[in-house]
Amino acid sequence: MSVLPQEELIKKWEREQDALKQQLVEGDTEEWQQTSGFAGLERVGGVDLSFIKGDEVNACAQLVVLSYPQLELLYEDSQMVTLTTPYIAGFLAFRETPFLLEALQRLKTKQPSLMPQVVFVDGNGLFHYREFGVACHLGVLSGLPCVGVAKNLLQMQGVLRSEEHLSQIRALKKGGDSFPLTVACGRVLGKALRSSDKSIKPIYVSVGHRISLDTAVQLTHACCRYRVPEPIRQADMRSREYLRKHYQCLDTQK
DNA sequence: GCGACAG
DNA sequence: ATCTTGTCGC
């Protein structure tokens, strides 16, 4: 196995993002996205990876499928995986996507009728330095509609955690309120969404693949019982539970 | 050189 | 991502 210096690796990854970006579809492509109450939408997916403290390479990759609009669990898959690349901001997809695709492939083999009609991804989509975050990456490689949801703001030219930004957050009065994230060139790459009446800190929603920004924001709000959309929240909770159950004993002995 | 840095 | 119990409030 040849190992590239990190600088070369990043150049290679940037070229790969540029190439995959050509296949990205930004708008609504599905019947259910055109209707008011998302009629025809029955299954929403969520993916996440959880780690053991102090362990950079071993993680639990999680896929859940929930019913819509009930948001009840239809399917779940937990799988221990060994990560092969470091986390570098802007390149999260290269660390996580291979294992999320494997989980979708297992679902396709075992329970094809439960394939989600849209997948919520922990991380950004178009709201990204090169407009191709992990939600776009997974969307293009899986072909599924995807929505990116970040819990923290990725600061970019034109979108900073400034007093102005904090003021815009304070202006979000109720669940469903949002404001656009406009980068320096003037393009709206995402929206900050107050996901429920109770949560003050917004989440950052952007297009992954085969969905428009407004539809993505509306759907995300519709999937929020708490701050984080239920598919991602369930994937997060269940992957952490898996690690507790299977690896807590090892952790205790360290 | 300094700060920023999704998960 | 992870470190971490209780606590205050609805």
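These numbers were taken from a predicted model, which means no experiment stands behind them. Residue numbers start from 1 in every chain, and the chains themselves are labelled A, B, ... in the order their sequence lines are given, proteins ahead of strands.
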Taking atom [atom2] of [N] as reference, at what distance in whole Å does atom [atom1] of [X] sit?
X	N	atom1	atom2	answer
A/L154	B/dG7	CG	P	9 Å
A/L243	C/dA1	CG	P	13 Å
A/F99	B/dG7	CZ	P	19 Å
A/I232	B/dG7	CD1	C1'	11 Å
A/Q17	B/dA6	CD	P	15 Å
A/I203	B/dA6	CD1	C1'	13 Å
A/L126	B/dA6	CG	C1'	14 Å
A/W13	B/dA6	CH2	P	15 Å

- Message: Counting only side-chain nitrogens and oxygens, does A/R161 get under 4.0 Å of the OP1 or OP2 atom of B/dC5?
- Response: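 Answer is yes, contact under 4.0 Å.
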- Message: Please tell me if A/K151 has a side-chain N or O lying less than 4.0 Å from either OP1 or OP2 of C/dA1.
- Response: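 So the side-chain polar atoms of A/K151 do come within 4.0 Å of the phosphate oxygens OP1 or OP2 of C/dA1, strictly under.
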- Which heavy atom of A/V188 sits nearest a heavy atom of A/T182, and at what distance?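 So the two residues come closest at CG2-OG1, 3.7 Å.
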When all nucleic acid strands are considered with a 4.0 Å heavy-atom cut-off, which category describes [X]: base, sugar-phosphate, or nothing?
X	value
A/F94	nothing
A/N124	base
A/G90	base

- Test side chain to side chain donor-acceptor pair (under 3.5 Å) on A/Q62 and A/E76 and set out the steps. CA-CA 7 Å; A/Q62 187 77 30; A/E76 77 167 310; 3.2 Å; yes
- Query: Has A/Y87 got its ring stacked on the base of B/dG7, with centres under 5.5 Å and planes less than 30° apart?
  - Reply: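 Here A/Y87 meets both the 5.5 Å and the 30° conditions.
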- Message: Counting only side-chain heavy atoms from C-beta out, which of B/dG7, B/dC5, C/dT2 sits nearest to A/R240?
- Response: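 Side chain of A/R240 sits closest to C/dT2.
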- Message: With a 6.0 Å cut-off on the ring centroids, do A/F179 and A/H165 count as close?
- Response: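 Yes, the ring of A/F179 comes within the 6.0 Å limit of the ring of A/H165, centre to centre.
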- Query: Which residue lies toward the 5' end of DNA chain C, A/K198 or A/L49, if each is placed at its nearest nucleotide?
  - Reply: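 Result: A/L49.
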- Salt-bridge test for A/R238 and A/D48: reply yes if a basic N is under 4.0 Å from a carboxylate O, no otherwise.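 Looking at A/D48 together with A/R238, the answer is no, because their closest N to O distance does not fall below 4.0 Å.
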- Should the pair A/E230-A/R233 be classified as a salt bridge under the 4.0 Å nitrogen-to-oxygen rule?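 Here A/E230 pairs with A/R233 in a salt bridge, since their nearest N and O are under 4.0 Å apart.
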